Amino acid sequence: MAKIIRKEKLSELVWRFRLDAPRIARKRKAGQFIILRPSNDTERIPLTIANADEAQGWIEIIFQVVGRTTLILSELSEGESVLDLAGPLGKPTHVEKFGKCLCIGGGVGVAPLYPIVCALKNAGNEITTIIGSRTKELLILHDEMLEKSDRVLVTTDDGSMGAKGFVSDVFNDLQNRGEHFDTAFVIGPVIMMKVTTSLTVKAGITTYASLNPIMIDGTGMCGGCRVTVGGKTRFACVDGPEFDASGIDWDEMIKRLNSYRAFESKAQKSHVCKMEGVR
Amino acid sequence: MNTSQNTTEKRFQRIPMREQDPSERSGNFNEVPFGYSEEEAVAEAQRCLKCKKPLCVQGCPVNVKIPEFIGLIAEGKFAEAAQKLKETNALPAICGRVCPQEEQCESKCILGKKGDPVAVGNLERFAADWERQHGEVTIPKKKLPNGKKVAVIGSGPAGLTCAGELVKDGFDVTIFEALHEPGGVLVYGIPEFRLPKQIVRQEINYLEKLGVRIEKNFIVGKTATIDDLLNEEGFCAVFVGSGAGLPSFMNIKGENLIGVYSANEYLTRSNLMKAFQNNAHTPIMKGKRVVTVGGGNVAMDSARTALRLGAEKSMIVYRRSETEMPARKAEVHHAKEEGIEFHLLCNPVEIEGNEDGFVQNIKCIKMELGEPDNSGRRSPKPVAGSEFDLDCDVVIIAIGNKPNPLIPSSTPQLKVSKWGTIEADESNGKTSMKKVYAGGDIVTGAATVILAMGAGKIAAKSIIEEL
């Protein structure tokens, strides 16, 4: 059991929960994730640790409501608890003084990017952060990113904040201006990662992407999270979640994420209907 | 004359255990055998010759006092029989169901020379079930607390056994379990129709009653390391029973298509996450034509689960012949009765899918048996040009597990073999690291429940002696 000590709505579908988790707060490093199960009869879902305070013993998760389990999670109140919380899982981000770092986040992927930005900053890197979302209302962690980055560039699909377009367009602009980066970290929807990392890799930048495949246990036991990287099958839970983006088989990853799409949309609809009935 | 002949014949004939009809059970997840009635158990127990030097006991990895408990059943003292079992085996209801008795105790039975050996497993199951069903589960005498804390990593058969032995000896025992439910492979791996989860739950409750603490959602190696447990959290010793939880794949083309599962994932979705229940929220692909690759118990469990989830055809593909199959004979028999189709002496070479990435068929090649390999089994070789396709929408890979690397990789002092197993002395469970013991699949590679229990017991004995 992990108590929700703070609950905050970041945008229409995105929530930030602060969870009482002293052991995880002590051990976690940037790039790692947890697995949680909000209540009985829900899925075990992996979520990146977005922030943590060792002294106060909490971690934060940021999640978007995408299915039944995340919907049920979002309906828990401050003071209530998530039933199961385990972590920290996965390999931490490889952090060193790279020099000029480019951190690119899209949608709710800005959340897992944040601890990486913090860790890179602490290691003395110069950081350019590009964050994007569909609209201004859906953009998260802008202030936090401003505080930790040397520069933050914002883009929205509809132009309601920052430049109109995609994060990949902003990167293209930087490249056209002759800017150079040593390392890039890209996290967001798979299609965004596929497009953006192809550009950064082509520009000769060592690029890492953090993958979020379907997972059950998070400890290497089920193999459901397998991804092909550099022609080899890897388990995102124990070998990742971050991989050198140049070798990731994005198309396979996109297909595998759709394994249960029919099942999920049905489940979410039926849950919403029932909840509406109650109200 | 006739009567005595009958008696002799009866002496050599086992009382069969009644089972659900194959056509009925292939559509439900209820346990297959019903268990003995009291009369049946007494009759079977009376077959035991009560050998002076019982060889059956030697055949048991935890040396259950077999003639004694069977003698008590023969006298109708069922509760006493269960207690006798528990003196040496903390999990009799589980062992009675999943131990390969035919290779162990029962294989040594003198009666087996002329007829059927005594059904030790069936009787073990009967005594444990009787005690549970009659609400007379007793707590054995415990030694006074000695104030010494021991950490047990993993709540599978090795860990549960080790914890049970230690707590009875007065130790303060905490089990650390990575998942949200204790039981390890007993819960995520073995299906309901072979081992009802209610039974596992009750055996674990029993350990908790004895005083064992269970910390779920605690991943040793991540949430805390073995060093943390020993140096910061006050544990005097650690037993590692983390199992063989890292599925092997074949490394053939198409293995990451949608609908290809490791047996671990398939069974975990069905068993631990309850996808087998009608109103389940965990998705599982209920294939119409399911191919399971492998010939062990896990393969049988997977193929039979697929059938129960509604497959029209559930097939096993195994590269050797039936003789070499590592699965228990009884499980292969059950699978055949239920209509599982066996494709023996053939091996997958590629899995093919449609444009959306869903499995469509598996391409196999016929095999023939050559010379015996290192395992003593004749090694299969492909027959050139014999490829054929099996149409299917789900493929389950059940070709074994490697040891989970989380603990070895976070504990560099711990010596591991080239296969990734932890090196431990089989006679006492000691590893290369002081105060750290190990046993079960993490040491031996994937093996059986009872061997893991035996290792848990040996390590507990050695911890009791050392501390």
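Below, read A as the first sequence line, B as the second, and so on, with proteins coming before strands; counting in each chain starts at 1. What you see is a predicted model, and the numbers here were worked out from it, not measured in a lab.
Heavy atoms closer than 4.5 Å to chain A are found nowhere in B:Gln277, neither backbone nor side chain. Residue A:Arg37 touches chain B through its side chain alone, counting heavy-atom pairs closer than 4.5 Å. In this structure, chain B has no heavy atom under 4.5 Å from any part of A:Thr69. Using a 4.5 Å cut-off between heavy atoms, A:Leu85 contacts chain B through its backbone alone, with no side-chain atom that close. When heavy atoms are compared at a cutoff of 4.5 Å, B:Phe358 approaches chain A solely by way of its side chain, counted from C-beta outward. When heavy atoms are compared at a cutoff of 4.5 Å, B:Leu267 does not approach chain A at all. Both the backbone and the side chain of A:Arg44 come within contact range of chain B, each with at least one heavy atom under 4.5 Å from a heavy atom of that chain.
Nearest heavy-atom pair across A:Ala86 and B:Ile219 is CB-CD1, 3.7 Å. A:Gly223 and B:Phe249 make their closest contact through O-CZ, 4.4 Å (heavy atoms, listed as atom of the first residue, atom of the second, distance). Closest heavy-atom contact between B:Pro247 and A:Gly220: CD-O, 3.2 Å. The heavy-atom pair separating B:Ala224 from A:Arg23 by the smallest distance is CB-NH1, 4.0 Å.
Contacts from residues 175-185 of chain B to chain A, taken as heavy-atom pairs separated by less than 4.5 Å, involve B:Ala178, B:Leu179, B:His180 in sequence order.
Ranked by non-hydrogen atom pairs under 4.5 Å with chain B, the options A:Ile24, A:Thr42, A:Val238, A:Leu89 are led by A:Leu89. Chain A forms more heavy-atom pairs under 4.5 Å with one residue of B:Leu246, B:Thr268, B:Asn256, B:Asn279 than with any other, namely B:Asn256. The candidate with the highest count of non-hydrogen atom pairs below 4.5 Å against chain B, out of A:Gly90, A:Pro88, A:Gly224, is A:Pro88. Highest contact tally toward chain A, considering only B:Ala280, B:Ser262, B:Gly245, is held by B:Gly245 [criterion: heavy-atom pairs under 4.5 Å].
More than 12 non-hydrogen atoms from other residues, nucleotides or ligands lie less than 6.0 angstrom from NZ of B:Lys274. When the shell of 6.0 Å around NZ of A:Lys3 is examined, it contains 12 or fewer heavy atoms from other residues, nucleotides or ligands. Surrounding NZ of B:Lys216 are at most 12 heavy atoms belonging to other residues, nucleotides or ligands under 6.0 Å away. No more than 12 heavy atoms of other residues, nucleotides or ligands sit less than 6.0 Å from atom CD of A:Glu12.
Distance check: A:Asn40 CG to B:His281 NE2 gives 10.5 Å after rounding to the nearest 0.5 Å. From B:Ile258, atom CD1 reaches atom CG of A:Leu257 across 9.0 Å, with rounding to the nearest 0.5 Å. Of the inter-residue distances, the one linking A:Lys91 atom NZ with B:Lys222 atom NZ reads 8.0 Å to the nearest 0.5 angstrom. To the nearest 0.5 Å, the span separating NZ on A:Lys255 from CG on B:Leu257 amounts to 8.0 Å.
Residues B:Pro283 and A:Glu43 meet the side-chain proximity criterion, which asks for heavy atoms closer than 4.5 Å. Looking only at side-chain heavy atoms (C-beta outward), A:Lys27 and B:Asp228 come within less than 4.5 Å of each other.
With sequence neighbours excluded, the residues that form a side-chain contact (heavy atoms from CB on, under 4.5 Å) with B:Pro196 are B:Glu31, B:Arg97, B:Glu192, B:Ile199.
Listed by first then second residue, pairs satisfying salt bridge (charged side-chain N to carboxylate O under 4.0 Å, His left out) with a partner in residues 212-240 of chain A read A:Arg234-A:Asp239, not counting sequence neighbours. Within the structure, side chain to side chain donor-acceptor pair (under 3.5 Å) pairs that include any residue of residues 392-408 of chain B comprise B:Asn264-B:Asn401 (at least two apart or interchain).
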